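Chain letters run A, B, ... following the sequence lines, proteins first, then strands; residues in each count from 1. Keep in mind that this is a model prediction, so the values were computed, not measured.
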Amino acid sequence: MPELPDVENVVNKIKPYVVGKVFKDVEILDPLLLQTSPSKLKKVLIESRVEELERRGKFILFYLAPPRTLILHLRMTGDLLWFPTSKERHLHDRLIFFFEHGEMRFRDQRRLGKVYLVPERGFSSIKALSTMGPEPLSPSFTFSLFDELLRRKKGKIKSILMDQSFVAGIGNIYGDEILFQAGIRPTRRAENLKGGEKKVLFKKIKEVLWEAVSDYEQLSEKSSWFINWRRKGVCPRGCGRLERVKIGGRYSYFCPSCQK
DNA sequence: AGTCAAACCTGGGCGC
DNA sequence: TGCGCCCAGGTTTGAC
């Protein structure tokens with residue numbers, strides 16, 4: 001599931017329940033996800049308060065008091081769920097965080113998710129976070145910044161969009177959506193994009209992600225979205241079959257007629 | 001630096 | 001029904 005809009009949605013959903021609240025217990029059902037020791041996680045979290053909750057790229061950061069940072073990454077199949085009252089466990093529940101008024105669960109079918117605990121209010125010890133590119137929805141992510149960063153890159157544009165150190169939060173699906181809406185093939189090389197194409201691409205990065213974040217619930221029903229046609233292998237505009245290419249180990253889909 | 005394959009995991013779907 | 005293979009909205013690592 002989780003790329004920027006999905007993670008943003010998870011954070012917004014969980015936020016009202018946990019900000020200002022104190023961890024009372026942690027149940028570790030699957031230590032595989034932990035990048036810290038179970039005993040340390042329990043010891044540190046219990047009686048810690050959640051000061052703030054924030055998304056950075058596809059990471060979720062819990063800023064704690066006393067100062068520590070709990071960091072979650074949902075990877076492919078992770079999700080965070082809130083239960084006001086205890087319910088029976090789901091097969092894929094990996095971690096349960098107990099508060100006085102309810103519990104937050106980290107559910108993850110494929111067990112690829114990650115849980116980090118770092119000192120202070122920082123994350124310099126996590127490489128992916130310390131080298132993370134700009135937040136695409138931030139006002140400081142301007143066309144001139146995008147253009148400047150892009151000039152330093154070579155290679156297929158799809159790989160670059162998915163590169164978290166280039167720009168944060170875009171994955172395989174939204175990468176395809178952005179390129180479809182921009183009318184650019186995923187195989188195009190960054191160094192060959194024309195000025196106008198870069199402008200459109202920048203605009204679509206903002207537009208697609210912004211719309212996905214603000215209209216998250218409706219998204220799966222929107223037939224205008226490439227996302228909902230991708231798997232069927234047919235262009236939403238009726239051009240016919242989509243083509244599939246492997247880029248950076250993932251399949252990219254594109255319409256050979258709409259995308260140049 | 002870019003690209004590719006493989007690894008980390010589980011499970012659904014498909015062909016035989 | 002069973003088996004093997006492909007695929008999945010992510011990231012890291014190691015080789016060329």
Side-chain angles (χ1 to χ4, degrees), chain A residues 1-11 29-35 55-61 71-80 90-95 106-116 123 125-133 136 148-181 186-193 205 208-209 211-213 215-217 219-222 225-233 242-254:
Chain A
M1 172 189 32
E3 296 183 39
L4 185 152
D6 316 288
V7 180
E8 178 75 17
N9 193 254
V10 166
V11 167
L29 303 165
D30 184 1
L32 181 71
L33 316 211
L34 302 188
Q35 306 298 299
R55 179 191 59 74
R56 178 77 178 95
K58 300 171 191 170
F59 286 83
I60 301 171
L61 294 87
I71 301 174
L72 308 182
H73 197 300
L74 306 175
R75 294 280 196 111
M76 294 282 263
T77 52
D79 197 7
L80 272 187
H90 185 277
L91 174 65
H92 300 136
D93 287 337
R94 307 299 177 190
L95 221 52
F106 191 154
R107 192 168 284 179
D108 183 13
Q109 187 209 102
R110 284 171 65 182
R111 306 171 75 205
L112 292 165
K114 299 281 177 212
V115 177
Y116 308 81
F123 41 74
S125 54
I126 300 174
K127 202 176 156 214
L129 270 168
S130 60
T131 60
M132 181 86 54
E148 186 195 321
L149 295 174
L150 199 56
R151 279 174 205 279
R152 295 187 210 153
K153 304 286 280 184
K154 273 184 170 176
K156 301 193 180 83
I157 191 62
K158 176 70 182 297
S159 290
I160 294 166
L161 284 183
M162 289 194 300
D163 179 354
Q164 301 300 296
S165 69
F166 174 71
V167 58
I170 300 173
N172 198 31
I173 286 285
Y174 284 98
D176 274 7
E177 181 72 44
I178 289 163
L179 288 170
F180 174 75
Q181 291 203 26
T187 47
R188 287 285 298 284
R189 311 207 113 242
E191 58 271 33
N192 296 336
L193 290 179
I205 290 173
V208 164
L209 295 177
E211 194 178 343
V213 164
D215 201 11
Y216 189 79
E217 303 296 331
L219 212 59
S220 57
E221 294 155 30
K222 285 199 180 169
W225 278 65
F226 187 66
I227 286 176
N228 300 322
W229 290 77
R230 215 182 80 123
R231 301 301 307 284
K232 289 181 249 171
L242 302 176
E243 282 184 31
R244 191 179 83 153
V245 282
K246 209 168 192 176
I247 299 172
R250 331 289 316 271
Y251 283 115
S252 294
Y253 294 79
F254 67 94

Any luck finding a side-chain donor-acceptor pair between A:Lys156 and A:Thr187 under 3.5 Å? no
Counting only Watson-Crick or G-U wobble pairs whose two distances fall under 3.5 Å, which nucleotide matches B:dC9? none
May I ask which nucleotide in the shown strands pairs with C:dG9, Watson-Crick or G-U wobble, both distances under 3.5 Å? none
Reckon A:Lys156 touches a base, only the sugar-phosphate, or nothing at all at heavy-atom distances under 4.0 Å? sugar-phosphate
Using a 4.0 Å heavy-atom cut-off, does A:Arg94 contact any base of the nucleic acid, only the sugar-phosphate backbone, or nothing at all? nothing
Closest nucleotide among [options] to the [X] side chain:
{"X": "A:Arg110", "options": "B:dT10, B:dG2, C:dT11", "result": "B:dT10"}
{"X": "A:Lys154", "options": "C:dA8, B:dG2, C:dT11", "result": "B:dG2"}
{"X": "A:Arg189", "options": "C:dA8, C:dG9, B:dG2", "result": "B:dG2"}
{"X": "A:Arg244", "options": "B:dT10, C:dG9, C:dC7", "result": "C:dC7"}
{"X": "A:Gln164", "options": "B:dT3, B:dG11, C:dT11", "result": "C:dT11"}

Check: A:Asp93 and A:His90 side chains under 4.5 Å, non-hydrogen atoms: yes
A:Phe59 vs A:Tyr116 aromatic rings, parallel, tilted or perpendicular, using cut-offs 30° and 60°? tilted
Can you tell me if the side-chain N/O atoms of A:Tyr251 get under 4.0 Å from OP1 or OP2 in C:dA8? no
